[in-house]
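Before any comments, here is the structure.
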Amino acid sequence: MTVDIKTIDAVEKATKEYKYGFVTDIEMELAPKGLNKDIVRFISSKNEEPTWLLDWRLDSYEKWLKMSSKNPKWANIHHPPINFEDAYYYAAPKKESDKPGSLDEIDPAILRTYEKLGIPLKEQEFLAGIAGSGKVAVDAVFDSVSVATTFKSKLFELGIIFCPISEAVKEHPDLVKKYIGSVVPKNDNFYAALNSAVFSDGSFVYIPEGVKCPMDLSTYFRINAADTGQFERTLIIADKGSHVSYLEGCTAPMRDENQLHAAVVELIALEDAVIKYATVQNWYPGDEKGKGGIYNFVTKRGACRGKNSKISWTQVETGSAITWKYPSVILQGDNSVGEFYSVAVSNNKQQADTGTKMIHMGKNTKSTIISKGISAGYGQQTYRGLVRMQAKADNAQNFSQCDSLLIGDKCGGHTVPYIDSRNSSAEVAHEATTSKISDEQLFYCQQRGLDSEEAVAIIVNGFCREVLKELPMEFAVEAQKLLEISLEGSVG
Amino acid sequence: MEVLLEIEDLEVEIEERKILDGLSLTLNRGEIAALMGPNGAGKSTLASILAGKDNYKSIKGSIRYLGKDLFKMSIEERASKGLFLAFQYPVEIPGVAMSTFVKIALNAQKRLRGEKELDAIEFLKLAKIKAKELHMSEDFFKRPVNVGFSGGEKKKAEVFQMSMLDPILAILDETDSGLDVDALKVVAEGIKNFQSKDRGSLVITHYQRLLNHLDPDTVHILADGKIVKTGDKTLASLLEEKGYQGIIEAA
């Protein structure tokens, strides 16, 4: 009961002119549609944020407003204009303020949803006790609010912080304040500015000096409410000499309308630290005619701040109607290493414009880019990448390999690599191939007993092997299944 | 003797050209038959039609395999019912390890037949035995299917797959071409190991030398889209002596 009173208070304070207060249907609590300063204030007050963060959001909003006529148009994607006034910017499970202290307190309906997604939270702690490998701590984000964080206490003993970013703002304000926006500035781009203004929650990770995180940390994102944009904000800091591996899985139910997802992920690796970040993205891609599906405009960037640090991105992108995403690494520290391994599928009417930026600033920095794009149906796929060798990046090295696989003759694969070298001792190598699944390959596989879909699956898995092997075992298995599902019916 | 494969009056047209024109051929269980003939006679077309390739413009006649209409079976169904084709030009599948490929294929066939699938350990045990029988190194289990294989390695890999999948009818399309003497022995050994009273082999070849190892029961000569002569193994030696032209003219 106190929940509702608190909420109403907050809404009244934040949105005085909105006479209906907030919209509540059976399960969800929503801020009114549209975006203005009051909505930003509302989100901030819902999260009981300090003034500095509210100011930060409002400043981001101002910056976004100035950009709002110029959302990026350079990508090889086509969609009707997005009406930013026609979306909800905040949605939370109604009982969120109950602050579940343990899994038992979570709404069973939510737990069932997670079970459908294949992450039975209830089993997580139990499983971890018996399985020597494959320990995964899950921070689940149901729409905008983290509803459960497992393993927190165990990680806490090691000094590892793994919690919703809304909680980190309260419990570890100095860390958040120091690093948020330090890799992706508020005005970095249109969608990052939007996120900075309205992000509702997300994950926060801090690994203290010298600690190797004993398990993979994982977040499962899910967009549930209709018409809601989801704007998570993830911040991961690996202090000197620490190691962490982070897994992110995404999925959303089928809906006819398009939903916007604009996340920001910032990674900071200090001296000798290693961050591995893996994503399996399976947002709803729309139907075969291109109706519905998620618009996924995401800014992900890591900074190798310290010497000998390493950041590795691995992504398997099978979902979303539109993917606009360039997980990047800024190689500031000498000898630092950046990696990008990507598999992206666009089937039916899906469009993906994805790639990476490797910005070499320090000496002897190294980067590797392996990108595998698969197009089927009417899908369009663009690899877009930038490798920049700054003037001081002596002996920096990059190797890029961009392969496209086409299935059928109505789809497209495009490669747009930018190379910008300002240091004569730096080396940049780029290889690219385009191939088709040939009738001979299919026939060969079928002659051995595989049906046509199994044949496509094995050929595609082979094509993606260099990337899939970068994923932790369970994730790789899931990714293979997703590839199969996404390409179902792609050969007649 | 039980008939394994019965082809009657097969006519196949590909891109406005008649490749097979009234071909009839019978193969019994326990029989090794050699199919010989000049280049372009339609040998490989026959092999791929049997396996289920449908790149033809039109097809007439009938093919019965194990007493059933072969045209009514999908490619993978034919495979699961024991029809195996060793390809003349084995196809590359980058990134897929040979052992993974064979395991998936074997289990797909077992699934279609309603048999229990092999787990990784059972599979590996079997693969090691088969590789040893064929004097093949286990190194190639991990290599991607046919990628970077020499000509001989590709053909040996085909025979390895045959021996793993354990078919009833093996069609070997010029599996002996491009092989050195040692590789030829391995291939011949593979076919001999496979052959039994229940099984049949259709060996497509240009050369006497494989047949010297195999001792075929029957030799068919295919020219101009049909079988022009059928005989025992002496026909192959005669062919070596007189050439196709001589045989065809005599026929």
Side-chain angles (χ1 to χ4, degrees), chain A residues 314 316 341-343 345 370-374 401-407 431-471 473 476-477 479-481 483-484 487 491-492, chain B residues 47-55 73-98 100-113 115 117 142-147 154 157-158 160-162 164-167 170-171 173:
Chain A
T314 304
V316 176
Y341 298 97
S342 169
V343 170
V345 176
I370 309 282
S371 163
K372 305 279 182 176
I374 301 154
Q401 187 183 328
C402 303
D403 298 325
S404 308
L405 184 69
L406 306 177
I407 304 173
E431 288 177 13
T433 65
T434 302
S435 52
K436 283 185 79 166
I437 290 190
S438 69
D439 291 347
E440 275 65 36
Q441 281 177 317
L442 288 177
F443 181 57
Y444 190 72
C445 294
Q446 286 175 276
Q447 207 298 306
R448 297 303 186 245
L450 282 65
D451 65 31
S452 60
E453 271 169 8
E454 290 168 330
V456 169
I458 194 173
I459 294 166
V460 167
N461 273 323
F463 175 75
C464 303
R465 199 186 63 98
E466 287 160 280
V467 175
L468 296 179
K469 74 176 166 52
E470 295 296 323
L471 290 170
M473 187 67 167
V477 171
Q480 288 189 10
K481 278 193 200 135
L483 286 172
E484 267 170 58
L487 291 168
V491 290
Chain B
S48 64
I49 294 281
L50 289 172
K53 189 135 181 145
D54 58 358
N55 59 339
M73 300 182 201
S74 67
I75 305 170
E76 59 271 21
E77 201 181 339
R78 297 174 196 206
S80 73
K81 295 213 156 87
L83 190 151
F84 178 87
L85 171 63
F87 283 61
Q88 184 180 2
Y89 303 108
V91 181
E92 294 184 1
I93 308 176
V96 179
M98 183 57 91
T100 307
F101 180 69
V102 178
K103 179 166 175 264
I104 288 172
L106 181 59
N107 281 337
Q109 291 198 13
K110 283 184 177 291
R111 213 161 39 240
L112 285 170
R113 291 194 292 260
E115 294 169 9
E117 297 178 33
K142 288 198 181 121
R143 291 170 62 187
V145 178
N146 295 321
V147 177
K154 282 185 185 169
E158 292 291 287
F160 170 74
Q161 291 180 52
M162 176 176 90
M164 288 297 295
L165 296 173
D166 198 21
I171 303 157
D173 190 2

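Each chain gets a letter, A, B and so on, in the order the sequences are listed, and its residues count up from 1.
The two atoms that bring B/A51 and A/F443 nearest to each other are CB-CZ, 3.7 Å, heavy atoms only.
Looking at A/Q447, its side chain does come within 3.5 Å of a backbone N or O of B/L83 through a donor-acceptor pair.
Looking at B/F84, both its backbone and its side chain come within 4.5 Å of chain A, counting heavy atoms on both sides. Proximity to chain B (any heavy atom under 4.5 Å) is shown, for A/Q446, by both the backbone and the side chain. Using a 4.5 Å cut-off between heavy atoms, B/P90 touches chain A through backbone and side chain atoms alike. For B/D54, no part lies near chain A; criterion is any non-hydrogen pair under 4.5 Å. Of the two parts of B/E77, neither the backbone nor the side chain holds a non-hydrogen atom closer than 4.5 Å to a non-hydrogen atom of chain A. Contact of A/C464 with chain B is not made at all, since no heavy-atom distance falls under 4.5 Å. Neither the backbone nor the side chain of B/V102 comes within less than 4.5 Å of any heavy atom in chain A. With a threshold of 4.5 angstrom between heavy atoms, A/R448 approaches chain B through its backbone and through its side chain.
Your options are A/C445, A/G449, A/S438, and the one with the most heavy-atom pairs under 4.5 Å with chain B is A/G449. No other option in B/R111, B/K53, B/Q109 has as many heavy-atom pairs under 4.5 Å with chain A as B/K53. Each of A/I458, A/L468, A/N461, A/D439 has some count of heavy-atom pairs under 4.5 Å with chain B, and the biggest count is that of A/I458. For the set B/I104, B/L165, B/N55, the count of heavy-atom pairs under 4.5 angstrom toward chain A peaks at B/I104.
With a 4.5 Å cut-off on side-chain heavy atoms, B/I93 and A/I459 count as touching. Residues A/E466 and B/P94 have side chains not in contact (no heavy-atom distance under 4.5 Å, counting atoms from C-beta outward).
Taking CG from B/N107 and CG from A/L450, the interatomic distance works out to 10.0 Å, rounded to the nearest 0.5 Å. Taking CD1 from B/I75 and CG from A/L442, the interatomic distance works out to 8.5 Å, rounded to the nearest 0.5 Å.
Ring geometry for A/Y444 against B/F101 counts as parallel: the plane angle stays under 30°, on a 0 to 90° scale with 60° as the upper cut.
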